[in-house]
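The structure appears right after this line, and notes come after that.
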There are 2 protein chains.
Amino acid sequence: MTTIDAHAAPERRRRGRPRGQDSAVVRDAALRAAVDLIARQGYSATSMTQVAEAAGISPSGLVHHFPSKAALLGAVLAHRDEIDSDPTEPDGRPWAAYDHLVRVAGLNMRRRGLVMLYTSMIGEAFGPEHPAHEWMMRHYSSVLEVLIEGMRADQERGVVRADAPREMIARSVVALMDGLQVQWLIDESLDMEAMMRIHVDALKTIWGVPRS
Amino acid sequence: MTTIDAHAAPERRRRGRPRGQDSAVVRDAALRAAVDLIARQGYSATSMTQVAEAAGISPSGLVHHFPSKAALLGAVLAHRDEIDSDPTEPDGRPWAAYDHLVRVAGLNMRRRGLVMLYTSMIGEAFGPEHPAHEWMMRHYSSVLEVLIEGMRADQERGVVRADAPREMIARSVVALMDGLQVQWLIDESLDMEAMMRIHVDALKTIWGVPRS
DNA sequence: GTCTATAGAACGATAGAC
DNA sequence: GTCTATCGTTCTATAGAC
């Protein structure tokens with residue numbers, strides 16, 4: 001239904017207003033509260049009132065910073081993407097994108113909130129009318145594109161077999177990652193990173209071109 | 001919070017009440033409406049009023065059959081488990097449980113509603129206070145147990161290598177299945193069954209004991 | 001067994017004082 | 001920029017007529 005632009009943070013640089021809380025601080029507290037609650041309960045089950053309470057402001061105060069619930073979700077997702085953004089410049093090594101995904105799996109084992117937010121989002125956003133639907137579609141196509149394009153480059157350079165089914169491999173690895181995160185949320189003793197590592201290493205063995 | 005016993009369907013065998021709709025028929029219509037709506041929107045986003053409307057009865061009529069929203073969800077999940085139940089008697093063939101999972105993947109490609117219901121449930125039920133939390137925990141432990149136990153038997157009979165890491169393999173396959181279902185919901189052209197087949201076949205190659 | 005009527009609370013959002 | 005006050009809706013659930 002509605003597209004969610006994250007309200008384009010006012011970003012006013014505190015021009016000598018001595019009274020009251022700094023706006024950016026309050027906004028940030030509200031955003032953190034929203035991330036936490038939406039991660040634990042999902043978007044539908046979380047109310048503006050709950051978020052306001054957790055942030056220590058009134059519901060109306062919250063509305064001032066985020067004019068609607070969907071706008072709040074937009075900011076939450078933008079925040080998530082920022083944390084999860086890839087600081088890795090694409091080095092030219094083979095399987096770089098896949099190795100990166102393995103590292104992300106390891107990182108995620110120390111970011112439970114992020115994994116919960118992601119998983120609950122995936123679970124409720126596949127309906128086209130959900131305010132996070134477009135975010136989810138963009139997320140998948142972007143992740144898959146990085147993996148597929150990376151492998152295409154590797155094939156061009158002759159380090160990966162030319163007959164490797166790029167899309168299928170990429171989709172399998174993403175599926176494995178998503179599914180492991182669900183199980184990890186249930187049982188944190190599961191070593192996502194190790195399991196991803198094993199899977200990716202197996203891919204390298206099967207589809208890699210041995211160095212001559 | 002609340003445990004959800006599915007209200008133990010009254011099952012009264014229409015003892016000569018000529019007037020009005022048959023109770024079981026109405027109950028069934030309500031259940032179907034609930035399955036459809038909860039699958040598409042998730043549990044939290046679905047209201048009793050919506051379900052009643054879709055079933056063609058009043059909200060109070062719905063409450064008569066399912067005294068609370070949680071009870072309705074309980075019935076929905078029981079219905080799901082029934083449809084999804086495994087009619088396969090455990091034949092003694094190696095990898096039987098894994099082959100079965102591949103077949104289920106193929107079946108699911110013709111049961112979109114079931115996949116949606118499952119996926120949205122997983123996404124919102126990992127919080128311990130969610131009324132479907134226990135269902136989800138039972139689901140995972142049961143699926144994993146079947147796979148792990150099946151492989152243990154195969155190892156005992158010497159058709160699977162004794163050093164195969166049962167739990168890790170089972171968890172990977174379940175994770176792959178769950179993740180593929182999400183992607184399939186987004187793009188139905190994805191062949192879940194084929195991808196599961198390939199993965200399981202690879203497992204057989206790696207961990208199977210070649211016939212002498 | 002299904003309905004109308006309604007309780008009682010929580011919802012998202014708006015208006016306007018300060 | 002944050003608040004109080006409140007609108008209009010929707011929610012789950014109950015009580016009782018038929």
Side-chain angles (χ1 to χ4, degrees), chain A residues 1-2 4 7 9-31 33-34 37-38 41-76 129-131, chain B residues 1-2 4 7 9-31 33-34 37-38 41-76 129-131:
Chain A
M1 57 182 331
T2 52
I4 39 172
H7 183 48
E11 209 63 47
R12 77 170 37 252
R13 283 287 180 215
R14 50 159 49 250
R15 59 169 89 163
R17 254 182 68 281
R19 174 167 290 278
Q21 282 270 15
D22 189 68
S23 177
V25 172
V26 175
R27 192 192 135 97
D28 203 62
L31 185 57
L37 283 166
I38 294 179
Q41 306 177 329
Y43 170 71
S44 299
T46 300
S47 72
M48 295 290 271
T49 307
Q50 272 181 314
V51 174
E53 267 173 22
I57 59 177
S58 75
S60 309
L62 177 60
V63 169
H64 170 74
H65 293 284
F66 307 97
S68 75
K69 199 187 172 187
L72 177 56
L73 178 61
V76 165
E129 64 289 335
H130 193 282
Chain B
M1 63 185 320
T2 52
I4 39 173
H7 182 48
E11 208 64 46
R12 76 170 38 251
R13 284 283 182 221
R14 50 159 51 249
R15 56 169 90 163
R17 254 182 66 284
R19 175 166 290 275
Q21 283 269 16
D22 190 65
S23 177
V25 172
V26 174
R27 192 192 136 97
D28 203 63
L31 185 57
L37 283 166
I38 294 178
Q41 306 177 329
Y43 171 72
S44 298
T46 300
S47 74
M48 296 290 271
T49 307
Q50 273 181 313
V51 175
E53 267 172 20
I57 59 178
S58 74
S60 308
L62 177 60
V63 170
H64 169 74
H65 292 283
F66 307 97
S68 74
K69 199 186 171 186
L72 177 55
L73 177 61
V76 166
E129 64 290 336
H130 193 282

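- Remark: P of C/dC11 and CG of A/Leu37 are 11 Å apart, rounded to the nearest angstrom.
- The distance between atom CG of B/Asp28 and atom C1' of C/dG1, rounded to the nearest whole Å, is 16 Å.
- Put simply, the side chain of A/Glu53 does not reach to within 4.5 Å of the side chain of A/Leu37, judged on heavy atoms.
- Distances from the side chain of A/His64 to the nucleotides D/dT2, C/dA13, D/dC3 place D/dT2 closest.
- Atom-to-atom, CZ of B/Phe66 to C1' of C/dG1 comes out at 14 Å; the value is rounded to the nearest Å.
- Relative to the side chain of B/His65, the nucleotides C/dG12, C/dT2, D/dT4 differ in distance, and C/dT2 lies closest.
- Regarding contacts with the backbone of D/dC11, a side-chain N or O of B/Ser47 is found under 4.0 angstrom from either OP1 or OP2.
- Taking atom CZ of B/Arg27 as the reference point, atom C1' of C/dT2 lies 16 Å away to the nearest angstrom.
- Atom CG in A/Leu72 sits roughly 14 Å away from atom P in C/dC11 (whole-Å rounding).
- Of all the heavy atoms in A/Ala70 and A/Pro131, the pair that sits closest is CB-CB, 4.3 Å.
- Projected onto DNA chain C by closest heavy-atom contact, B/Ser58 and A/Ser44 fall at different nucleotides, the more 5' of which corresponds to B/Ser58.
- Donor-acceptor pairing under 3.5 Å, judged by distance alone, is present between the side chain of A/Ser60 and the base of D/dA5.
- In this structure, A/Lys69 NZ and A/Ser44 OG are separated by 6.0 Å, a value rounded to the nearest 0.5 Å.
- Nearest heavy atoms, B/Phe66 versus B/Ala75: CE2-CB, 3.6 Å.
- Of all heavy-atom pairs spanning B/His65 and B/Pro67, the tightest one is O-CD, 3.9 Å.
- Atom NZ of A/Lys69 is separated from atom P of D/dT9 by 19 Å (rounded to the nearest Å).
- Atom CD1 of A/Ile57 is separated from atom C1' of D/dG1 by 11 Å (rounded to the nearest Å).
- The distance from atom CE of B/Met48 to atom P of C/dA9 is 20 Å, rounded to the nearest whole Å.
- Within the nucleic acid shown, B/Thr49 comes within 4.0 Å of at least one base atom, counting heavy atoms only.
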